[in-house]
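What follows is a short report on a single structure.
Whatever order the structure lists ligands and atoms in, that order sets their numbers, starting from 1.
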Amino acid sequence: MSFPIDSNGYYGSYGGAFIPEMLYPNVEELRSKYLEIVEEPSFQQQFGELLKHYVGRPTPLFLAKRLSKEYGCRIYLKREDLNHTGAHKVNNTIGQILVAQRLGKQKIIAETGAGQHGVATATVCALMGMECIVYMGEIDIARQRPNVERMKLLGAEVRSATSGSRTLKDATNEAMRHWINHPFDTHYIIGSVVGPHPYPDMVARFQSVISEEIKSQLLELEGRDYPDYVIACVGGGSNAAGAFYHFNQHQQVQLIAVEASGLGLHSDKSAATTALGKPGVLHGSMTMLMQTADGQVVEPYSISAGLDYPGIGPLHAHLYQSERARFMSATDEQALSAGIKLSKLEGIIPALETAHALAALDQINFNPEDVAVLNLSGRGDKDLETYIEKGTY
Ligand SMILES: *Cc1c(COP(=O)(O)O)cnc(C)c1O
């Protein structure tokens, strides 16, 4: 196991399952069965076939020559943007829907902020002919119209969360409430390495295909199966967890996690959890989160909707605390210019989430012989309006 957890789902002092008693049977059913299910050969085979023929894996590992020249080292891009639906999220939703089927569930619920996880969930529900309900804050529904329409087109029902701040946190509460009321026929697909145990471990395993491929691709391209650096952006942390997974025990590999500092670390408009947060319980696990002095969750901000999350997964809180990974941050402005730079240098328009990881290249002192792998978590089509409005190119 590459991110070791104890039997209660703790990574060091982070993780666990902090859930209302009413939710215990659902989470316990999943906890007691997930490992057996995902390790079954028939599961592995079906998962592998769908990743290959539906998602389009393996994704290329591309040596970005012009970008490399700019930074004086060898930079490879792991092209998760080329997955079906345009990002890494589908690796996880495919895995979880196969788990749901093996648990005998007929219905799927999910919550979504910007709608990207909602779309990835609606996609696999259509593929498998399963009923799909996606909870989304009323405010997010209004500002993320294209993703709402995509979900509907894919056959999902989008339910508006109208309580509280009417954003992701409230959608999560509604999804939890729904799950409590439908414990037998429904599986809840969580979209990142967050939530109560076993979700962080399960999601990390599904995303670990990213570093599994990087290893064999690097062996072929560089003659060694590990890089000097792996760099990824962190919202909840699933693409980073997947990219780090098989390198975590390999101490020579430097793991770099990049958070969004929004308008600036101390602007009150940021999502840089490790820089600003403290330990606390969020979405059912003990982790680092941004909170006020009296423990209220702070509403996060980032130009990229996918990084706009007040916490990080517990495995990342542990990577931070143990100093195994180096955490950095990039502002909206730095991310925008890094995204524009990649577009012009390599002909690849990245998602604004990914652009944060690219911006971190400026903060690293590379040696000429260094090999760095940057996880290109998603494509930038969805962000075109923002590039047009806020970018200079
Ligand atoms: C959702 C998303 C992220 C952030 O989620 P993680 O769980 O941290 O990976 C990053 N990049 C893209 C393209 C996304 O869609």
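- Heavy atoms of other residues, nucleotides or ligands lying less than 6.0 angstrom from CD of Glu385 number 12 at most.
- With respect to Lys78, the side chain to side chain donor-acceptor pair (under 3.5 Å) criterion is satisfied by exactly one of Thr59, Asn239, Asn375: Thr59.
- The atoms of ligand 1 that sit less than 4.0 Å from any heavy atom of Gly378 are 13 (C).
- Nearest non-hydrogen protein atom to atom 10 (C) of ligand 1 is Glu353 CB, 3.5 Å.
- Nearest non-hydrogen protein atom to atom 2 (C) of ligand 1 is Lys89 NZ, 2.4 Å.
- Within a 6.0 Å sphere centred on CG of Asn365, heavy atoms belonging to other residues, nucleotides or ligands number 12 at most.
- Atom numbering of ligand 1 starts at 1 in the shown order; those under 4.0 Å from a heavy atom of Ser192 are 6 (P), 7 (O).
- Of the N or O atoms in Gln116, one or more lie within a sub-3.5 Å distance of an N or O in ligand 1.
- For Asp268, the CG atom sits in a loose shell: 12 or fewer heavy atoms of surrounding residues, nucleotides or ligands are nearer than 6.0 Å.
- Listed by chain and residue number, nothing satisfies the ring-ring contact (aromatic ring centres under 6.0 Å, His included) test with His187 (two or more places apart in sequence, or in another chain).
- Electrostatic pairing of Glu70 and Lys341 counts as a salt bridge here, judged by a charged N lying under 4.0 Å from a carboxylate O.
- Here the protein heavy atom with the shortest distance to atom 4 (C) of ligand 1 is Gly306 O, 3.4 Å.
- Among all non-hydrogen protein atoms, the one lying nearest atom 6 (P) of ligand 1 is Ser238 N, 3.3 Å.
- Ligand 1 is never approached by Arg379 to a heavy-atom distance shorter than 4.0 Å.
- Ligand-side atoms of ligand 1 in range of Val234: 8 (O), range being under 4.0 angstrom from any heavy atom.
- Atoms of ligand 1 lying under 4.0 Å from any heavy atom of His88, numbered from 1 in the order shown and given with element: 2 (C), 3 (C), 6 (P), 9 (O), 10 (C), 11 (N), 12 (C), 14 (C).
- Among all non-hydrogen protein atoms, the one lying nearest atom 11 (N) of ligand 1 is Ser377 OG, 2.8 Å.
- Residues His316 and Thr273 are not in side-chain contact: their nearest non-hydrogen atoms beyond the backbone lie 4.5 Å or more apart.
- Tyr34 is linked by a ring-ring contact (aromatic ring centres under 6.0 Å, His included) to nothing, counting only residues two or more places apart in sequence or in another chain.
- Looking at ligand 1, you'll find an N or O of Gly236 within less than 3.5 Å of one of its N or O atoms.
- Proximity to Gly235 (heavy-atom distance under 4.0 Å) selects the following atoms of ligand 1: 8 (O).
- Atoms of ligand 1 lying under 4.0 Å from at least one heavy atom of Ala351, given by number and element, are 13 (C).
- For the pair Leu61 and Glu213, the minimum side-chain heavy-atom distance is 4.5 Å or more.
- Considering both main-chain and side-chain atoms, Gly237 comes within under 3.5 Å of ligand 1 through a nitrogen or oxygen pair.
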Exercise for the section: Please step through side-chain contact (heavy atoms from CB on, under 4.5 Å) for the pair Ile312 and Glu259, ending with a clear verdict. Expected result: CA-CA 9 Å; Ile312 47 172; Glu259 297 187 291; 3.4 Å; yes

